[in-house]
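Below, chains carry the letters A, B, ... as their sequence lines are ordered, and counting in each starts from 1.
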Amino acid sequence: MKLEERVYKKLLEVPKGKVTTYGDLAKAVGLKNGQRAIGRMMNKNPYPVIVPCHRVIMSSGRVGGYAWGEEIKTNMLEREGVRIRNGRLANPDLIHRF
DNA sequence: TTTGCGGCAGGCC
DNA sequence: CGGCCTGCCGCAA
């Protein structure tokens with residue numbers, strides 16, 4: 001199974017209302033410093049909507065980028081119950097742990 | 001808080 | 001097959 005396959009699968013473990021970070025996701029699949037690689041895979045997400053790539057944010061707490069626009073990403077998160085304040089995650093407890 | 005540079009998979013020569 | 005470039009990051013300075 002390709003790495004990206006594992007990444008998407010891993011991401012499906014993140015429940016609605018919670019998020020994860022690029023770094024954590026990278027490590028979850030065996031990459032020590034593959035945050036950027038993860039972001040790239042998300043960007044080219046072959047399974048839009050099915051894979052909740054909008055639940056992946058930066059370790060700093062900032063929302064991070066999104067192929068369809070950061071606003072869309074933020075709205076989707078808010079709609080799932082993840083509050084965002086000025087581009088930042090309002091509640092750090094919402095970060096899912098693998 | 002902003003800046004710079006390291007690190008990684010995948011696609012394209 | 002090898003090298004170069006890109007891209008939703010991370011962290012130290």
Nearest-Å distance, [atom1] ([X]) to [atom2] ([N])?
X: Lys44(A); N: dC9(C); atom1: NZ; atom2: P; answer: 16 Å
X: Met58(A); N: dA12(C); atom1: CE; atom2: P; answer: 16 Å
X: Glu71(A); N: dC8(C); atom1: CD; atom2: C1'; answer: 15 Å
X: Glu70(A); N: dC8(C); atom1: CD; atom2: P; answer: 10 Å
X: Leu3(A); N: dA9(B); atom1: CG; atom2: C1'; answer: 7 Å
X: Arg62(A); N: dG10(C); atom1: CZ; atom2: C1'; answer: 14 Å
X: Leu25(A); N: dA9(B); atom1: CG; atom2: C1'; answer: 14 Å
X: Gln35(A); N: dG6(B); atom1: CD; atom2: P; answer: 14 Å

Counting any heavy atom closer than 4.0 Å, what does [X] reach on the DNA or RNA strands: base, sugar-phosphate only, or nothing?
X: Gly23(A); value: sugar-phosphate
X: Lys32(A); value: nothing
X: Gly34(A); value: sugar-phosphate

Inset, instruction - Between Ala37(A) and Ile57(A), name the one whose nearest nucleotide on DNA chain C is closer to the 5' end. - result: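 Residue closer to the 5' terminus by nearest nucleotide: Ala37(A).
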Inset, instruction - With the side chain of Ser59(A) defined as its heavy atoms from C-beta on, choose the nearest nucleotide among dC11(C), dC8(B), dG10(B). - result: dC11(C)
Legend entry - Of the listed nucleotides dC8(B), dG7(C), dC9(C), the one nearest the side chain of Asn43(A): dG7(C)
Inset, instruction - Supply the atom-to-atom distance Thr74(A) OG1 to Ile72(A) CD1, rounded to the nearest 0.5 angstrom. - result: 9.0 Å
Inset, instruction - Might you point out which heavy atoms bring Met42(A) and Leu25(A) nearest each other, and give the distance in Å? - result: CE-CD2, 4.0 Å
Inset, instruction - Considering non-hydrogen atoms only, spot the tightest contact between Val29(A) and Ile38(A) and give its length. - result: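 That would be CG2-CD1, 4.5 Å.
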Legend entry - Closest-nucleotide 5' rank along DNA chain B - winner of Arg40(A) and Arg88(A): Arg88(A)
Inset, instruction - Before accepting this row, confirm whether a basic side-chain N of the pair Glu4(A)/Lys44(A) lies closer than 4.0 Å to the acidic partner's carboxylate O. - result: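 Here Glu4(A) does not pair with Lys44(A) in a salt bridge, since their nearest N and O are not under 4.0 Å apart.
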Inset, instruction - Report yes or no: is there a donor-acceptor pair, N or O only, under 3.5 Å between the side chain of Arg36(A) and the base of dG10(C)? - result: no
Inset, instruction - Give me the one residue out of Leu11(A), Val51(A), Thr21(A), Val63(A) that meets side-chain contact (heavy atoms from CB on, under 4.5 Å) with Val56(A). - result: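 Single side-chain contact (heavy atoms from CB on, under 4.5 Å) partner of Val56(A) among Leu11(A), Val51(A), Thr21(A), Val63(A): Leu11(A).
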Legend entry - Modelled atom types, side-chain donor and acceptor of Glu13(A) and His96(A), under 3.5 Å: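 Looking only at side-chain atoms, His96(A) and Glu13(A) do not form any donor-acceptor pair under 3.5 Å.
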Legend entry - More than 12 heavy atoms from other groups under 6.0 Å of NZ on Lys27(A):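 Check fails, neighbour count at 12 or below.
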Legend entry - Nucleotide-level pairing of DNA chain B, given in dot-bracket where Watson-Crick and G-U pairs need both distances under 3.5 Å and | marks other strands: .|||||.||||||
